[in-house]
Visitor: 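This is the structure I have questions about; it appears just below.
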Amino acid sequence: MTQDSAFDLSNPRSRLPTGQTLLFDADDTLWENNIYFERAIAAFISYLDHRVHTAEEVREHLNKVERATISRHGYGLKSFRRSLVTCFEELTQAPVSEEKHRRIVSFAESIAEQEIELLPGVAETLPKLAERHRLHMITKGDPDEQTDKLERSGLRPYFEEVEILAEKSEAAYRALIEQHGFDRGSTWMIGNSPRSDINPTLAAGLNAVFIPHHFTWVLEHEVLEAAPASSTLLEVSCFADLLLHF
Ligand SMILES: [Mg+2]
């Protein structure tokens, strides 16, 4: 982890200059997301109540099924629903009856019914950052689902641009840099996922801020890369601490 020794975190006057471009992840950075999936998965595993496999084994199998589903159909609730049904079929070695199908689908549907729950500090901090910097949102997933969540969050006015990508890869970030003419030195990707928010942006030559979330989805886990010499990687423990730097 590198921190620019040119600025002192305890001194607000040593914040980075105004006019930085801040790119925000959404799920588990601005609002809760993964906890709803974890609850749905726990309900699914207990419903499956497998006679041979332990809960951990069922979860591992579901992770494998999810990776395969996502690579074919992308992220989002429709993929998740499909993964639950596939996992159930594979582990019970039988087609799912209509009634069981309805029940499994209900676990996924419960996620769509969740209110948007902003993470602590987001509602107070984002407007302050928007006064001094240019804010974009860069998320991935189903465009309709992500757009709907953003509208319901009330945060839309703070973002100049919103990008909903199929995958947040180094190539995708390079394309955005090109498209928006981002200045690498003053552009920061801010998020909770090493795999989607930090490692690919550092590789693309941007700076990054890691805000860990206790319940980051297992498919987003990855070892945090060290920043190359030309980039800066910061880590803050909560959203409000972004004001120490920006
Ligand atoms: Mg995230």
Side-chain angles (χ1 to χ4, degrees), residues 21-41 63 66-67 69-71 74-80 83 108 111-112 114-123 125-126 129 135-156 158-159 161-173 176 187-204 206-225 227 233-242 245-246:
T21 299
L22 307 182
L23 314 176
F24 284 91
D25 169 52
D27 291 337
D28 298 315
T29 295
L30 299 175
W31 52 65
E32 296 284 9
N33 181 65
N34 190 48
I35 54 168
Y36 310 129
F37 284 84
E38 296 297 337
R39 282 177 204 159
I41 290 168
N63 291 343
E66 279 203 87
R67 277 195 188 90
T69 311
I70 288 162
S71 72
Y75 293 89
L77 279 177
K78 286 187 217 100
S79 271
F80 180 65
S83 293
I111 297 170
Q114 296 293 332
E115 295 289 325
I116 300 293
E117 197 179 335
L118 297 184
L119 284 164
V122 169
T125 306
L126 211 58
L129 293 171
L135 274 45
H136 287 213
M137 175 182 289
I138 302 184
T139 180
K140 68 180 179 187
D142 180 277
D144 292 340
E145 286 169 18
Q146 296 304 81
T147 304
D148 175 60
K149 284 193 277 184
L150 177 57
E151 293 305 330
R152 289 192 288 134
S153 74
L155 301 178
R156 181 65 188 90
Y158 301 115
F159 295 100
E161 302 275 352
V162 175
E163 302 280 350
I164 303 169
L165 307 174
E167 193 66 81
K168 288 158 88 173
S169 61
E170 181 186 340
Y173 284 110
L176 286 179
T187 302
W188 302 73
M189 180 68 202
I190 300 166
N192 71 299
S193 168
R195 176 176 168 266
S196 295
D197 303 320
I198 311 300
N199 293 339
T201 45
L202 292 174
L206 300 175
N207 306 298
V209 185
F210 179 46
I211 313 179
H213 185 291
H214 289 308
F215 297 102
T216 290
W217 187 25
V218 61
L219 266 60
E220 295 294 340
H221 291 188
E222 202 171 272
V223 172
L224 212 53
E225 302 283 346
L233 170 61
L234 302 172
E235 179 170 341
V236 296
S237 56
C238 64
F239 199 88
D241 279 359
L242 289 171
H245 302 276
F246 303 99

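Ligands are counted one by one from 1 in listed order, and the atoms in each one are counted from 1 as well. Heads up: numbering here begins at 1 and tracks the sequence.
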Visitor: Are any of the side-chain nitrogens in R195 or E225 under 4.0 Å away from the carboxylate oxygens of its partner?
Guide: no

Visitor: Return the set of protein N, O or S atoms whose distance to the Mg ion (ligand 1) is under 2.8 Å, each given as residue and atom.
Guide: D25 OD2, D27 O, N192 OD1

Visitor: Checking F24 now: which residues fulfil ring pair (Phe, Tyr, Trp, His ring centres under 6.0 Å) with it, not counting sequence neighbours?
Guide: F239

Visitor: Which residue in the set K168, E220, E167 passes side chain to side chain donor-acceptor pair (under 3.5 Å) when paired with S196?
Guide: E220

Visitor: Can you check whether F246 reaches T125 side chain to side chain, under 4.5 Å on heavy atoms?
Guide: no

Visitor: Does the side chain of Q146 pick up a donor-acceptor pair with the side chain of D27 at under 3.5 Å?
Guide: yes

Visitor: Indicate whether any N or O donor in one side chain lies under 3.5 Å from an N or O acceptor in the other, for T69 and S83.
Guide: yes

